[in-house]
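A quick write-up on the structure given underneath.
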Amino acid sequence: MKKLINSPEDVVREALEGMELAHPNHLRVSYEPFYIVRKDAPVKGKVALVSGGGSGHEPMHGGFVGMGMLSAACPGHVFTSPTPDQMFEAGKVVSGGAGILQIVKNYTGDVMNFELAAEMLKEEGIAVETVMTDDDVAVEDSLYTAGRRGVGLTILMEKILGAAAEKGMPLKDIKALGDKIRKSGRSMGMALTACTVPHAGKPSFELAENEMEVGIGIHGEPGRRRVPMAPADQITEMLMEPVLTDLPFNKGDTIILFVNGMGGTPLIELYIVYRKAAAIAEKHGLKIARCLVGSYITSLEMAGASVTALRVDDQMLQLWDAPVNTPALRWGV
Amino acid sequence: MKKLINSPEDVVREALEGMELAHPNHLRVSYEPFYIVRKDAPVKGKVALVSGGGSGHEPMHGGFVGMGMLSAACPGHVFTSPTPDQMFEAGKVVSGGAGILQIVKNYTGDVMNFELAAEMLKEEGIAVETVMTDDDVAVEDSLYTAGRRGVGLTILMEKILGAAAEKGMPLKDIKALGDKIRKSGRSMGMALTACTVPHAGKPSFELAENEMEVGIGIHGEPGRRRVPMAPADQITEMLMEPVLTDLPFNKGDTIILFVNGMGGTPLIELYIVYRKAAAIAEKHGLKIARCLVGSYITSLEMAGASVTALRVDDQMLQLWDAPVNTPALRWGV
Amino acid sequence: MSEFSVSKAVAWIKAASAALEKEETRLSDLDAAIGDGDHGANMRRGFVAVVKKLDAAESADLGALYKTVGMTLLSTVGGASGPLYGGFFLELGKRSMGRPAWDAAAMVDALKGGLADIQKRGKAELGDKTMVDALSPALDAMAGAGGDLAAATKAAAAAARDAATKTAPLLARKGRASYLGERSIGHEDPGANSLALLLETLSTTCEA
Amino acid sequence: MSEFSVSKAVAWIKAASAALEKEETRLSDLDAAIGDGDHGANMRRGFVAVVKKLDAAESADLGALYKTVGMTLLSTVGGASGPLYGGFFLELGKRSMGRPAWDAAAMVDALKGGLADIQKRGKAELGDKTMVDALSPALDAMAGAGGDLAAATKAAAAAARDAATKTAPLLARKGRASYLGERSIGHEDPGANSLALLLETLSTTCEA
Ligand SMILES: Nc1ncnc2c1ncn2[C@@H]1O[C@H](COP(=O)(O)OP(=O)(O)O)[C@@H](O)[C@H]1O
Ligand SMILES: Nc1ncnc2c1ncn2[C@@H]1O[C@H](COP(=O)(O)OP(=O)(O)O)[C@@H](O)[C@H]1O
Ligand SMILES: [Mg+2]
Ligand SMILES: [Mg+2]
Ligand SMILES: [Mg+2]
Ligand SMILES: [Mg+2]
């Protein structure tokens, strides 16, 4: 295992220290327990957005803390859901009297830990709502399983709901908007290489030079199937077709198209993927109103990419365009 | 070789197509010859900034085209300097009557090709000045050699000079400011892994699991020395000490500190490096006024990092803070 | 043996912690195959913290002790296993409030409560390839083994281990492994294995 | 042979293109060891473009032909070798303006002009581990070999190849290899090798 780290135990704390030093205008960090809150928290009279999950997905979520996006992010150990006390303590710090919205990716661990935190916060008299993301079409959806994973859509949801909160939208409405976004976005990802959890010290799976994993999540787990390597255009089709047909997206729909790198993929390759993804979307008669290309929700140093499409209306687009000022996403300010 | 590409020949063109589709509000792309210009070029009465170099360093340079930074970027093939006709054609398109400033990283190929372009542009009656970056302290500086390489400082220079041009600073003064920046910044980098040039199809060097290269450039070349793997703090010291003692930076100096990823290094590791780099700078009595942490000048999918320190005065800081609106760097707008 | 005292319970938790530490790599490897490779680290981290807590302050009764275990696991383990094992021990605590010791009936009752809590939280049924698959048959074995704690826990441990092994051919329907669909088949469930370790150390503690 | 005509020159450039294509991997491997691994691809790309240009339109004389070669290399090769080889051929063109053919003296004069241009642009001295190290001794050999073009170019090719091999022990002082300092020692210079290929194909063209 070759990493720019000191020891597996210290990865999360030291990265948080680096973030705090690098972004003093955006955020403050607590180390016991771990959480990141926006510099000006609590913002009086506005809904506070709290998200979190395992570490190793940077910039998600800590990089999205700041004006117009998250009020707090709670990082667990690498690929491990955070514990309830993190969301409880962070929630108390960011609560501005208008309630808390938790944005939770659908993983058994995340769901249960955020549920516990919500109960604890409610006992403190704080109103809490939760929206989930479960946009990964690689996983079959069924009442009898854990359901689909939350992946790329999470970033788009955090941006849009963050803008809504900043505008003063009440908790109930933000929750409803979140549920709508949940139902309007789909994603799928693939990997060229595995990644190595620092504590494990070895890659979570082995891939031959001519193989790739399609249908991966964001935790270094193998995908739904292992298939032979293919050119970028073909890979992009393997991701886009299931995404577009699942919802389904319909001719004439307006979308935000998001091509995401898994952490070890250079930007030049993401643009090659975006080129094809945009062409496929257009072929389906979709109008790409906005896009995002970059490594925003990652699996450590995994090489690979994911695509996310979100059907948007005017309100969502306006909120997408609204000012945001975080370490990883910034415009309008 | 595992990459999200279609064929080595098409990498640069297809990535440019993706960039053009993704950033219609920032830039326009020419394919014969290759160049990227800001959407609103030419900007009348202002100095135009032209940079360029081999591809494979994304987001540099194309990602820095836009308001407040570059007027044009000329991408060569992967790791290959662009040809004079690219800078010539781009220069003609962006020239707004106040002259052109070329920002050139010190590589024999870049220097010669930009020189030829400058001659051609001058023959068209356009005033051209050139500033160089040669900030890599890993390379010994000598009159008898090609001199030092231009690396991370290039980004900081492009931002600051871009803001100066936007403010309407005349060519002569921008050139002088560029020369001052050149003399005020130093960098050094290291690699945990090699990278693979698409056309070569195999890694440019082999590193064992317990080895790293220190003193690398940005073209996948081996570094100055191969040494045993070390913890991140020690690696950061190996980079920071030569950087800080070379100029030298003096107690009380104000700096911009830039921790850069080489393309395959996840952000979580860069923050760990930043944490230590900031501590070392403080130990040296330096004041970190601003910082930048991310993968901005890369070597394809190479894992590794570099640090850059730039001594700044108030003017440079104000220009650093000035609005910039490019795909890869954006604030104030 | 017919009485499981507070000091026995402390011994159990410490033995479990040691066993989890010893088996950390195996648990994480099982998790890497069908999950995200952190189950061993999660459990070790949690139980190391629990042992520290138990060393710092004595517990008045089993109820207080298990509450400490549960709260500590909740705030240190994370992941799916954190709330599941945390809630499990909190439930053991609730059902043991004020009790200085367990007899066999109390033990079975408490553990059944723990199982119910896991199922309430995680909604896993028997056969979904989770820790429930190890715990449920173990409690049946324990209930059928009579009043001797050594015999009852021995039967439970054997049943849990056997059931953990038998999770291999199952298709996962809960937790991360469910994302793999058919590819989850052929690997044992990590949580069923850590659960078996808990019951094996319970058994050796009762024998000692 | 005593006359090197336009059609010979075309044959030379095509032979050079074929040789560069054949040796592409070797040139890039040499460049990977002490540079950035693109020299083979750069040269192939440039000469493929040149051959296309030459096929599209006939050149009136050697001057026009070499100008086309030089301009095309300038705008297709990039890197350090683009301006160096581009400038080299442009200089050949300047010194051959209006000439339908070279004799030995004209050839030596043109090539010496080419070398001077490379050194003006690149500022490399003999021993800096660049293409200059192959070209310079080759021209000395050519100048000393008399008026027969076949003999003169054969001597030049042999000297260039020999000199290219002997760049291995040198410490690079120009181009990318100079960044490696001591680590550049022990590897042949890629540009010296492509230069040797140019002269070898010149020799075989003069023999044919
Ligand atoms: N819904 C559930 N019900 C019961 N047990 C579950 C459930 N989901 C997961 N588990 C158990 O948790 C184990 C995984 O724990 P762990 O790896 O620590 O958490 P995570 O899956 O969040 O990384 C699985 O092996 C399984 O036994
Ligand atoms: N200053 C120079 N003078 C003469 N030749 C040089 C000089 N710099 C580089 N070269 C030649 O160019 C070759 C490298 O060419 P190439 O790999 O195509 O360009 P780059 O180094 O830009 O990648 C070297 O092997 C060397 O022979
Ligand atoms: Mg986990
Ligand atoms: Mg090159
Ligand atoms: Mg796990
Ligand atoms: Mg080269």
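Sequence lines set the chain letters: A, B, ... in the order given, protein chains first and strands last, and positions in each chain run from 1.
Note that OG of C:S178 is 12.5 Å distant from CZ of A:R148, once rounded to the nearest 0.5 Å. Here the straight-line distance linking atom NE2 of A:H219 with atom CG of C:D31 works out to 11.0 Å at 0.5 Å rounding. Between the CZ atom in C:R183 and the CZ atom in A:R226 there is a gap of 5.5 Å [rounded to 0.5 Å]. With rounding to the nearest 0.5 angstrom, the OH atom of A:Y107 is 9.5 Å from the CG atom of C:D36.
Side-chain atoms of C:R176 do not come within 3.5 Å of backbone N or O of A:T108 as any donor-acceptor pair.
Only the side chain of C:E24 comes within less than 4.5 Å of a heavy atom of chain A; its backbone N, CA, C and O stay farther away. Both the backbone and the side chain of A:N113 come within contact range of chain C, with heavy atoms under 4.5 Å apart. Of the two parts of C:A124, neither the backbone nor the side chain holds a non-hydrogen atom closer than 4.5 Å to a non-hydrogen atom of chain A. Neither the backbone nor the side chain of A:E206 comes within contact range of chain C; no heavy atom of the residue lies under 4.5 Å from a heavy atom of that chain. Residue contact with chain C, scored on non-hydrogen atoms closer than 4.5 Å, involves the backbone and the side chain of A:F79 alike. Contacts of A:P222 with chain C are made by both backbone and side-chain atoms, with heavy-atom separations under 4.5 Å. Looking at C:S81, neither its backbone nor its side chain comes within 4.5 Å of chain A, counting heavy atoms on both sides.
Atom NZ of C:K94 sits in a sparse spot, with 12 or fewer heavy atoms from other residues, nucleotides or ligands closer than 6.0 Å. No more than 12 heavy atoms of other residues, nucleotides or ligands sit less than 6.0 Å from atom NZ of C:K67. A 6.0 Å sphere centred on CE of C:M71 holds no more than 12 heavy atoms belonging to other residues, nucleotides or ligands. Other residues, nucleotides and ligands place no more than 12 heavy atoms under 6.0 Å from the NZ atom of C:K154. The number of heavy atoms from other shown groups lying within 6.0 Å of NZ (A:K92) is above 12. Enclosure of atom CD in C:E58 is not indicated, since only 12 or fewer non-hydrogen atoms of other residues, nucleotides or ligands lie within 6.0 angstrom.
Of all the listed residues (C:G79, C:A33, C:S28), the one sharing the greatest number of non-hydrogen pairs under 4.5 Å with chain A is C:G79.
The shortest heavy-atom contact between A:L116 and C:L74 is CD1-CD2, 3.4 Å. Of all the heavy atoms in C:V77 and A:T80, the pair that sits closest is O-CG2, 3.5 Å.
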Test side-chain hydrogen bond (donor to acceptor under 3.5 Å, both in side chains) applied to A:H199 and C:R45, step by step: CA-CA 12 Å; A:H199 201 275; C:R45 186 174 54 244; over 6 Å; no
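For the 3.5 Å distance criterion, the side chains of A:D85 and C:S75 fail to qualify, holding no donor opposite an acceptor.
In this structure the side chain of A:K202 reaches within 4.5 angstrom of the side chain of C:D29, judged on heavy atoms.
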